[in-house]
There are 2 protein chains.
Amino acid sequence: MARSKVTPEQILREAARLFATKGFHGTSTREIADAVGVRQPSLFHHFATKHDIARTLYEYDYARSPGLQGVRELPDGAPPSVEFYHSVRREILVEMTSAYDLRGLYLSALIDEPEFRQWRMAYDAAMARSRAVIEKGVADGEFVATRVEVVIEMLDATINQAVRWSGDQRDRSMPDDVAVVALRMVLARPSRIPSIRRQADRLLDAAGTPWPEALAALDD
Amino acid sequence: MARSKVTPEQILREAARLFATKGFHGTSTREIADAVGVRQPSLFHHFATKHDIARTLYEYDYARSPGLQGVRELPDGAPPSVEFYHSVRREILVEMTSAYDLRGLYLSALIDEPEFRQWRMAYDAAMARSRAVIEKGVADGEFVATRVEVVIEMLDATINQAVRWSGDQRDRSMPDDVAVVALRMVLARPSRIPSIRRQADRLLDAAGTPWPEALAALDD
DNA sequence: GGGCTTGCCTATCGATCGATAGACTTCGCT
DNA sequence: AGCGAAGTCTATCGATCGATAGGCAAGCCC
């Protein structure tokens, strides 16, 4: 009987997929093993514990996400509308180009475990930064007075589900389209959206990181 | 040693709370029992199985939700904008007035189990009705051409998280405020929002179900 | 070919799980 | 007070879980 072979990459992919649909606690290591085609104890040659699989996925997401790291891609003086618009499209792009379906990672059943405290904090900090941008927009008059917690909740959900829009044919306009929907929630004058987008693009060009080049990742 | 006593109501409340934070599969029956102050086997005198607890919660939600039942509260001729606005605020109100924290129910790990197929279908049908309203709004020109699946995703998330806004002081303006945020995503002319709201209110008055009376449930 | 390393397998472990059995307690009714 | 019902308790069950142990196979290098 020929022995199966498995790579850590395959385990991560299948585990993430199962975590996304059945939750971490609803997914057994036997199910993961079956999905990759080996026997359950084999997983423990590649990952010390089941939680280690999740931790590796968190690390992966963090490493790719400017939002989670708190890295700004636009200069300090960018208006809240431009900042908000770009941060949404950026995070949508990150999740659409993820090698793994990470929808299971940001459910409270998992991320609230003590072991994952640092990822919880990073996530909360990212949401707080978004909140601050919206609040500045409201204060500046670019955005309408609004229920910021509702907007944040909607953002949270959308980014976490973005992987669903990464089919075989990845639509290059999706990140920007989602950012438009998000911006419409708060923007006092929706007619400004095209110019906000152009401004975001120009600032990225000036920073040497043109947006169309970032979008090229969707072709991979 | 005095014996503890427990009601099914208490079990449902604590179970729902635990399901919301730890997930159904991440919550043991021992945890539920501890939370209500009895020993684990006692739960099985009130509910035949752990899944029965979840089923009871689904039934409760369904019974209270016009959206899930597909019950229209506005007449057929109501414009998509009015229909959309009202359905959002209605479902927010339902979840804000829920006796249980139902956030754990609509996670795929649970609702996708074969046993809960009918609730999955009811939920999907409700989302499809929302989609149809948005699509009609786009076709009529009331709404901008938009990524409908993104709007639906955001709606989904918001309604499911609405229980978080039911603190000790329930804000009677919250359902309408959330509906405004949702409507802004799609409405071609946001300046029409006040009149859309008035129209929704008038139609409900004419139907004998004034909105302020529905909102009174928040005072309970 | 032989030796070593890696990792896949079967077997097993201790722990936890949802649920059952039956003794016992409490409450309500007569 | 006595009886019956309801439901809480302790004890236990069979099943499943994440993880460990050690044999074995395959691949690589000399």
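Fair warning: this is a prediction, and the values are worked out from it, not measured in the lab. Quick note on labels: first sequence line is chain A, next is B, and so on, each numbered from 1.
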Length of the CD-P vector between A:Q40 and C:dT12, whole Å: 15 Å
Whole-Å distance separating the CG atom of B:L43 from the P atom of C:dA21: 17 Å
First of A:K5 and A:T49 reached from the 5' end of DNA chain D, by closest nucleotide: A:T49
Pair B:R90-B:E73, salt bridge (charged side-chain N to carboxylate O under 4.0 Å, His left out): steps then yes or no: CA-CA 9 Å; B:R90 190 70 182 79; B:E73 297 194 321; 2.8 Å; yes
Donor-acceptor pair, side chain of B:Y60 and main chain of B:A99, under 3.5 angstrom: yes
side-chain N/O A:S42 vs C:dC9 OP1/OP2, d < 4.0 Å: yes
Nearest-Å distance for atom pair CD1/P, residues A:I11 and C:dG7: 11 Å
Minimum-distance pair of heavy atoms, taken over all atoms of A:A200 and A:R89: CB-NH2, 3.6 Å
Nucleotide of D:dA19, C:dA19, D:dT8 approaching B:K50 most closely (side-chain heavy atoms): C:dA19
For A:L187 against B:R184, the heavy-atom pair lying closest together: O-NH2, 2.6 Å
Pair B:F24 and B:H51, ring centroids less than 6.0 Å apart: yes
A:H25 NE2 to C:dG18 C1', straight-line distance once rounded to whole Å: 17 Å
Nearest-nucleotide pick for B:S28, side chain only, options being D:dG18, C:dC17, C:dA11: C:dC17
Between P of D:dG18 and CZ of A:R30, the distance in whole Å: 7 Å
Sugar-phosphate, base or nothing in reach of B:T27, heavy atoms under 4.0 Å: sugar-phosphate
Candidate nucleotides C:dA19, D:dT8, D:dA19, ranked by approach to the side chain of B:P41 - the nearest: C:dA19
Short side-chain N/O contact to C:dG18 OP1/OP2 from B:T29, under 4.0 Å: yes
For atom NE2 of A:H46 and atom P of D:dG18, their distance in whole Å: 17 Å
Length of the line joining A:E31:CD and D:dC17:P, which is rounded to integer Å: 7 Å
Whole-Å distance separating the CZ atom of B:R39 from the P atom of D:dA11: 10 Å
